[in-house]
Amino acid sequence: MQWTKVLGLGLGAAALLGLGIILGHFAIPKKANSPAPSDLDLELLETVMGQLDAHRIRENLRELSREPHLASSPRDEDLVQLLLQRWKDPESGLDSAEAFTYEVLLSFPSQEQPNVVDIAMTLPPPPTVGPTGDIIHSCHRTEENVTGEQGGPDVVQPYAAYAPSGTPQGLLVYANRGTEEDFKELQTQGIKLEGTIALTRYGGVGRGAKAVNAAKHGVAGVLVYTDPADINDGLSLPNETFPNSWYLPPSGVERGSYYKYFGDPLTPYLPAIPSSFRLDLANVSGFPPIPTQPIVCSLGCPVNVSVYNRLELRNSSNVLGIIRGAVEPDRYVLYGNHRDSWVHGAVDPSSGTAVLLELSRVLGTLLKKGTWRPRRSIVFASWGAEEFGLIGSTEFTEEFFNKLQERTVAYINVDIAVFANATLRVQGTPPVQSVVFSATKEIRSPGPGDLSIYDNWIRYFNRSSPVYGLVPSLGSLGAGSDYAPFIHFLGISSMDIAYTYDRSKTSARIYPTYHTAFDTFDYVDKFLDPGFSSHQAVARTAGSIILRLSDSFFLPLKVSDYSETLRSFLQAAQQDLGALLEQHSISLGPLVTAVEKFEAAAAALGQRISALQKGSPDPLQVRMLNDQLMLLERTFLNPRAFPEERYYSHVLWATRTGSVATFPGLSNACSRARDTASGSEAWAEVQRQLSIVVTALEGAAATLRPVADL
C-alpha cells in the first residue's frame, strides 16, 4: 500500500492513518490522555533512561542473530514480521507500522556452480576455457565450522556481490591494497600486469575500486583476502582466535558488495516500484569490470579463478513504525538501522536492531499508557538490503524525496551499535554536536568509576575547539551506512552512533569477524560486550537524543557549530592552495567574505534564540526559527556540483580525493588541475567549484537571517 492511499481510510484504520505522517496529512484527533509536551520533560527522560534494559537487548540480539538473514531470504522476511508484530503490540507498540516492498537487483553466488579458486602448476594453453591443467590446491569455498553455526545451508558462500561471472586464468601478482598507486608501482618495477590475477588485501580503497584499478592495467581477475596484520593484530593460530578470543579464525572470509554506488542499480534516482523506469542491464554502471572473489588460503602461481555470480530481481522490504507528534506531527525525527546481514550478523547489523527494538518498546509502552506523546513525530525504520549498497534507505529517500526534505528534523543511524566496549564513537554533521554532548553528559558510562559517557569519550577521541576548548571529536559521515542518502542526497542533519574499541590496544581496522560467518551471538556475548552494558549505553544515548529532538520547544541543533568547520576549511585553502590559485588568477576573496557572512548570520540567529528562550515566545515564531535550523543543511546541496558522483550533492561532505582538507570540490579540482598537463579546462573547473561553494555559503547565511529579510 502506498502512503497516498492512507488518506482514504477512516479513523477506524488508525494504524494506517499513522503512516500518513510522511505525506503530511495529520488531521487525526489527539487522545485526551496523551498530554502534549511544552518542552523536554526531564523526569520523563530519566524514566526512559531507567527503563532501557540490557537483558532485553541481549535477548533481542539472540533472536535476531539466531539464523542467517541475507537480504530477501526467508529469514529476512521472518524478521520483517517480527518487527511488525512488536510495533503493533497493544501494550508496547507504536501508533502504526507497515512494510514497504521494493523489487531490486541483487547479486548472489550460484548454488549449482560454487565460485572456485584453484592453484595450478602450469597455465593451460589458449583457447582453453574454465579451470583446467594440473590443479595442486583448491582454496576453501566455505569457512570452517568452528561453532556449529558456519556450516548451515543458509550460510552464503563468501563472494564479491555484483562481480561479473568469468573464468580468468593467469599468473598471480601481489598488488598490496589494489590502489591506483599500487598498480603503478608494479609497472614501475617492470612487472607485466596484462592477463594476470591480482592478489589484494582489504583496506586502502573500497572493495570495488580494487577491481576498477586492476582492470585499467589489463588485469584479468582480482582476489581479495583479509590480512591478519590488518585485523587480528598479527594473530592467526586457531588457539588465538574465535572461539578463544575476538580475533578472526584462519578460515574467515569477508563478504561484501563491490557495487560503486548506493541504491538499486536498475533505478538510480527513482524508487524501485512497479511503475518506475528500469535500466537495461547493458546500461548499468558501477559493477566491477572483471571477475573478483574474496579468499582465504596461501596461494601459489598460476591461478584459475571461476566466478559464477548471478544477478536476480528480488523483493526487499523496509519496515516503518510511527509515533505521531502531538503538536508538530509534520516534523519528523527519523531513527533507523538496516536489518539484513551477510550471515548471522550479530554485530552487523543486529546489535543496532536489538537496540532499536528496545528503544521502541520503552517509548511505545509510555505511548500506550497515555502518559506521553512527543511534540514531533518519531519514525522508526528497519531498512532492507543495506549490505548490497544501502538499497532500502536509498529507495525510501527516492520515493519520498520532497516530503522528507521539507519536514525531517534529523536522521539518527545506529547500524553496528557495539564494535567493542571501550567508548562512544559518533559521526555527524556539526549542528548535531550540541545535542549529542548534552545527552552524553547526563548518562553514566559503563564500567568502573563514575564517569559520564561524555567524560569517558573525551579520553579516547578529542579535539581542541577554539570555542569550547577540549571536546570529544565527531567523525564526518562518508557512505558506510544508511545515513548516506539522508545527508548526501537529501541534506538532512544526520549522525551515526556506536560504542567502539580502544585504538591504543588494537590496530584492527574494524571488529575482526566483520562480514564473516563468525559474527554470532556468542561472539558478542563473550567478547564484545559481556553483560550488554555498552548496548544499553548506546540505547540511552540514542534515546536521549530522540527525546531532545522530538520534545524540545526549540530544536537543539546549533548551526553556529558549522562556523568552526567552515573556518577550518577556509584556512586550509588559504594555507595550502592560496599561492597556487593566485598563479592562475583565482582569488579566495569571495570565499572569505562568504564564510564571514555565514559566521555573522549564525551568531545572530543564536542570539535571537537566546533572547526568545528568556521570555514566552509565540509558538509560530519558534516554529519559524526551528525551520531555519532544520533547513540549513539543505542549503549546502547542489545536485550539479559533482556530476560524476551519483547522489552526492552536499558541497561540504562529498567524497574528497584531494590531499588538502578543505571544501571537497575545491580540493579535488585543484588536485586534478595540478596533475593535468593541458591546464586550462582543469583550472576552469577549480573556478567553478569555488563559485559553487561561495554560492552555497551565501545561501546558507541568507537562510539563517530573519525570515522577512532577503
Within this structure, what is the [atom1]-[atom2] distance for the pair [X] and [Y], rounded to the nearest 0.5 Å?
X	Y	atom1	atom2	result
Y247	F527	OH	CZ	11.5 Å
E386	S481	CD	OG	4.5 Å
L248	I231	CG	CD1	6.0 Å
S306	D118	OG	CG	6.5 Å
L106	L70	CG	CG	8.0 Å
T353	L83	OG1	CG	7.0 Å

Could you tell me whether the side chain of [Y] reaches within less than 4.5 Å of the side chain of [X], counting heavy atoms only?
X	Y	answer
L223	V305	yes
P243	V146	yes
V212	I290	no
R503	K505	no
P664	T655	no
S73	D154	no
V224	Y258	yes
F521	R58	yes

Are side-chain N/O atoms of [X] and [Y] paired as donor and acceptor at under 3.5 Å?
X	Y	value
N115	Q293	yes
R425	T500	no
R201	N176	yes
D522	T520	no
Y411	N413	yes
H515	E387	yes
S316	S72	no
T267	R278	no
Q189	E185	yes
D482	S393	yes
D348	H338	yes
N309	S107	no
Y308	E112	no
T101	N315	no
S285	R646	yes
D519	Y511	yes

Take E143 and R255 through the test salt bridge (Lys or Arg N to Asp or Glu O under 4.0 Å) and record every step on the way to the result. CA-CA 11 Å; E143 290 147 310; R255 298 147 180 84; 2.6 Å; yes
Does a side-chain N-to-carboxylate-O contact under 4.0 Å join K184 and E181?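 Answer for the salt bridge query: no.
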For the pair [X] (side chain) and [Y] (backbone), establish whether a donor and an acceptor sit closer than 3.5 Å, ignoring hydrogens and angles.
X	Y	value
N283	L279	no
N668	G658	yes
N232	G234	no
T506	A508	yes
T394	L390	yes
Q150	A517	yes
S350	V347	no
D340	A385	yes
T292	A211	no
H69	E67	yes

Pairs meeting criterion ring-ring contact (aromatic ring centres under 6.0 Å, His included) with involvement of residues 147-182, two or more places apart: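 Matches after skipping sequence neighbours: Y159-W342, Y162-Y259, Y162-F287.
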Applying ring-ring contact (aromatic ring centres under 6.0 Å, His included) as the test, list every pair that has at least one member in residues 183-239; sequence neighbours left out.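 Output for this query lists F183-H217.
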May I ask you to check whether over 12 heavy atoms, not counting those of Q85, lie within 6.0 Å of atom CD?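 Count not over threshold, so no.
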Counting neighbours of CD on Q111 that are heavy atoms of other residues, nucleotides or ligands and sit closer than 6.0 Å, is the number greater than 12?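 Atom CD in Q111 is not packed in, count stays at 12 or less.
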Step through it carefully: locate the ring centre of F388, locate the ring centre of F108, and say whether they are under 6.0 Å apart.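 Yes, ring centres under 6.0 Å apart.
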Below 6.0 angstrom between ring centroids: does that apply to Y523 and F242?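 Here the rings of F242 and Y523 have centres that are less than 6.0 Å from each other.
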Among F486, F642, W653, Y269, exactly one meets ring-ring contact (aromatic ring centres under 6.0 Å, His included) together with Y647. Which residue is that?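 The passing option is Y269.
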Evaluate salt bridge (Lys or Arg N to Asp or Glu O under 4.0 Å) for E63 paired with R75, printing each intermediate quantity in order. CA-CA 11 Å; E63 174 60 24; R75 179 57 179 170; 3.2 Å; yes
Start with the C-alpha distance between L193 and Q187, add both sets of side-chain angles, then the distance that settles side chain to side chain contact (heavy atoms under 4.5 Å, CB included), and finish with yes or no. CA-CA 7 Å; L193 295 175; Q187 284 189 322; 3.8 Å; yes
One pair to check against ring pair (Phe, Tyr, Trp, His ring centres under 6.0 Å): Y501 and W246. What are the steps and the verdict? CA-CA 12 Å; Y501 39 82; W246 87 316; 5.8 Å; yes
Carefully, step by step, assess E398 and F489 under the rule side chain to side chain contact (heavy atoms under 4.5 Å, CB included). CA-CA 9 Å; E398 289 169 337; F489 184 41; 4.0 Å; yes
Apply salt bridge (Lys or Arg N to Asp or Glu O under 4.0 Å) to residues R177 and D230 and explain how you reach the verdict. CA-CA 11 Å; R177 297 187 184 275; D230 293 335; 3.2 Å; yes
Could you go through the side-chain hydrogen bond (donor to acceptor under 3.5 Å, both in side chains) check for H535 and D529 one step at a time? CA-CA 8 Å; H535 283 78; D529 191 22; 2.6 Å; yes
Determine, stepwise, if the pair K192 / E194 fulfils salt bridge (Lys or Arg N to Asp or Glu O under 4.0 Å). CA-CA 6 Å; K192 181 182 178 182; E194 186 80 24; over 6 Å; no
